[in-house]
Amino acid sequence: MIGLGFDKFLSRFVKHKAAVLCLFFVLAVIAGGIFAPWLAPNDPNKIELKLKLLGPGGQFPLGTDHLGRCILSRLLYGTRISLGSAFLVMSFSLTIGTAVGIFSAYRGGRIDNLLMRLCDIFLSFPSLVLVLVIIGVLGSGMVNVIIGMILVQWLWYVRIIRSLVLSIKERTFVSAAKVAGTSDMKIIFRHILPNVLPQLIVLSTLDLGSLILHFSGYSFLGFGVQPPTPEWGAMIEEGRRFIRSAPELMFYPGMLITLIVISFNLIGDALRDVLDESVT
Amino acid sequence: MRAYIIKRLISLVPVVFGITILTFILIHMVPVDPAHAYMTATNTPPTERAVAAVRAEFGLDRPLPEQYFTWLGKALRLDLGKSYVSQEPVLEELKHSFPSTLLLTLAAVGWLILLALPLGFLSAVFKDSIVDHLSRAFTFVAASAPPFWLGFLLIELFALKLGLLPVMGKGSWQHLILPSLTLALNYAASYTRLLRSGILENLKQPFILYARARGLKQKLVIGKHALKNALLPVVNAFGMSFGYMLAGSVIVENIFAWPGLGRLITESIFNRDYPMIQGYVALMAVVFVLSNLLADIASAIIDPRIRIGDDRVGV
């Protein structure tokens, strides 16, 4: 069992100073997205062509874009979609993947076999192509991109969770619970799930970074968020035409994506280290 | 060796069928059916009669498995149907675009080797030195930044500020440099890490200690023994990465206006050009299987344990 109390966990996590810094950064950005209506100095979608491509300062702390919209406000509101979509994809595929993975590993048999064959086929193939096909069929749009990403992502979790559960299933405490006549449901929720949970948290933190990257990529291609909705990837796409005159239009959202992804990666690495320490 | 290749083929070929069947099912399950997509793409008003005629012409009124096998039979004879939009054979369109994308991907492979090999090697050998720190900073940024943004930064620096390279398009060899570098950066980062940890892991092994004890030169120990063993997982992963890079060119081609498969498929997706999408997926699946097979063969050549398939020799 992972017998690590919250206090002990915290005291080990804070030793990873870079990760703690990243955690604060991520929390600040999330707060910026949640409180965007109060924090944003301007309406993110208000077009004022007279004020286009202004430098930073005054009413517009980061300047304005090619339509005279406040860049800072658009970044703040963009957080909701860029991070929100990644959280959405992650939580849906994690939930489906966990349920199916536990069931598959616990029951075994034909369904388990079939699922693993499916994993063999689809997990090796570039996920980008699969998502593009799904978007091609469903049509473009933010919701369809999210659906496509979930459809591709959940199998990953099935495979990982299945192998985690398989290793726990044979442990003595599970056998003991079985002998004692505990119901399957209770074994799964009381004994198996709490033991795979820490690893799942590490995995999903590391995945969040790549999900953010992918989602912004689809927006950049024009499949995801449609204008004028503010989203980081779409902001880079809109800024590309002004690369000569106003490269900062692309610079801010790109920098933000990079920093957020680096943060999630560092936090995930630190969590894994803390977990590894507690196991050994 | 032959038995090994056949074994790998048996596990790889189902990918082609799985992926094409999935695409087929998806296309026929969704609200906008192929007949309507065809009418929209060709600008014909979708009257009852016209839709029925299109259904009959493309065999869309047949049961799904029958349609798949008809498609498969034709595909095996290299007939992938006609594009809804251009009315050209899909195969011709793919043939037209594929070489550009392949060129881009191969150049990216060149960058990958040029960057990841020396960086991974140096940062492992000079662990915790300034080289190591710099290389790790590089891998962190290159793995975390959106590739399309990196592409624009490269354009900004090398094409606009320094004026050394063309901004976009295809033509001279200079046009190839920035797109292929953009495509390679993400992978270069992960391969640098893979190689670094591989070499460090191998340096701890008993055979390295033995080689040192025999008095072999440090260079030879690291170069011949540690590097060669660390290359194995790299070669193995490479078969998969090649397919990923070929797919990843979608984004790079859109940044640099590179006329390849990626641009073709983006347009086809916007137009719901189903035969194009189906053809693209089939092509990607075949290339994917081939590149994986080549990587498998390469690793079997490097490592006799795989070739013989004998567990007693290994580990």
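Chain identifiers are assigned alphabetically (A, B, ...) following the order of the sequence lines, protein sequences preceding nucleic acid strands; residue numbering begins at 1 within each chain. Predicted model only: the values in this text are computed from it and were never measured.
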Which bit of Phe17(B) is near chain A, if near means a heavy-atom gap under 4.5 Å: side chain, backbone, both or neither? neither
Taking all heavy atoms of Gly254(A) and all of Pro146(B), pick out the closest pair and write down the distance. O-CD, 4.2 Å
Is it the backbone or the side chain of Leu221(A) that comes under 4.5 Å from a heavy atom of chain B, or both, or neither? both
Most chain B-contacting option - heavy-atom pairs closer than 4.5 Å, from Ser263(A), Gly136(A), Gly233(A), Ser210(A): Gly136(A)
If one checks every heavy atom of Met284(B) against chain A at 4.5 Å, the contacting part turns out to be both
Using non-hydrogen atoms and a 4.5 Å limit, figure out which bit of Phe264(A) sits close to chain B: side chain, backbone, both or neither. neither
According to the interplanar angle, ranging from 0 to 90°, do the rings of Phe270(B) and Phe223(A) count as parallel (below 30°), tilted (30 to 60°) or perpendicular (above 60°)? tilted
Any idea which of Ile262(A), Val133(A), Leu128(A) has the most non-hydrogen atom pairs under 4.5 angstrom with chain B? Ile262(A)
Take atom CZ of Arg136(B) as the centre, draw a 6.0 Å sphere, and report whether it contains more than 12 heavy atoms from other residues, nucleotides or ligands. no
Working to the nearest 0.5 angstrom, can you tell me the gap between Ile269(B) CD1 and Ile134(A) CD1? 11.0 Å
Report, as yes or no, whether the 6.0 Å neighbourhood of atom CZ on Phe251(A) holds more than 12 heavy atoms from other residues, nucleotides or ligands. no
Examine whether an atom of Ile251(B) lies under 4.5 Å from a heavy atom of chain A, and if so say whether it belongs to the side chain, the backbone or both; otherwise answer neither. both
How far apart are the closest heavy atoms of Phe140(B) and Asn265(A), and which atoms are they? CE2-CB, 4.2 Å
Between CG of Leu132(A) and CD1 of Ile265(B), what distance do you get to the nearest 0.5 Å? 7.0 Å
May I ask you to check whether over 12 heavy atoms, not counting those of Ile111(A), lie within 6.0 Å of atom CD1? no
Highest number of heavy-atom pairs under 4.5 Å with chain A among Ile19(B), Asn254(B), Thr23(B) belongs to Ile19(B)
Answer with side chain, backbone, both or neither: which region of Ala143(B) has an atom nearer than 4.5 Å to a non-hydrogen atom of chain A? backbone
So which heavy atom on Ala247(B) is nearest to which on Pro126(A), and how close? CB-CB, 3.9 Å
Ser140(A) versus chain B, the contacting section by heavy-atom distance below 4.5 Å: side chain
Here the gap from Trp149(B) atom CH2 to Thr258(A) atom OG1, rounded to the nearest 0.5 Å, amounts to 4.0 Å
Is any side-chain heavy atom of Leu130(A) closer than 4.5 Å to a side-chain heavy atom of Leu22(B)? yes
Under a 4.5 Å heavy-atom cut-off, does chain B meet the side chain of Leu118(A), its backbone, both or neither? neither
Quick check on Leu256(A) against chain B: is it the side chain, the backbone, both or neither that has a heavy atom closer than 4.5 Å? neither
When the 4.5 angstrom heavy-atom criterion is applied to Leu246(B) and chain A, the contacting part is neither
Should the pair Phe148(B) and Phe220(A) be assigned to parallel (<30°), tilted (30 to 60°) or perpendicular (>60°) ring geometry? parallel
Which atoms of Phe288(B) approach chain A - backbone, side chain, both or neither, heavy atom under 4.5 Å: side chain
From CZ (Arg272(B)) to CG (Leu138(A)), nearest 0.5 Å: 7.5 Å
Heavy atoms of other groups near Phe122(A) CZ, more than 12 under 6.0 Å: yes
With a 4.5 angstrom heavy-atom cut-off, could you sort out which part of Val250(B) is near chain A: side chain, backbone, both or neither? both
Report, as yes or no, whether the 6.0 Å neighbourhood of atom CH2 on Trp156(A) holds more than 12 heavy atoms from other residues, nucleotides or ligands. no
Can you tell me how far apart OG (Ser144(B)) and CG (Leu213(A)) are? Round to the nearest 0.5 Å. 7.0 Å
Sort out for me which of Asn292(B), Leu12(B), Ile277(B) touches chain A most, counting heavy-atom pairs under 4.5 Å. Ile277(B)
Please determine, among Gly139(A), Gly209(A), Gly239(A), the option with the most heavy-atom pairs under 4.5 Å with chain B. Gly139(A)
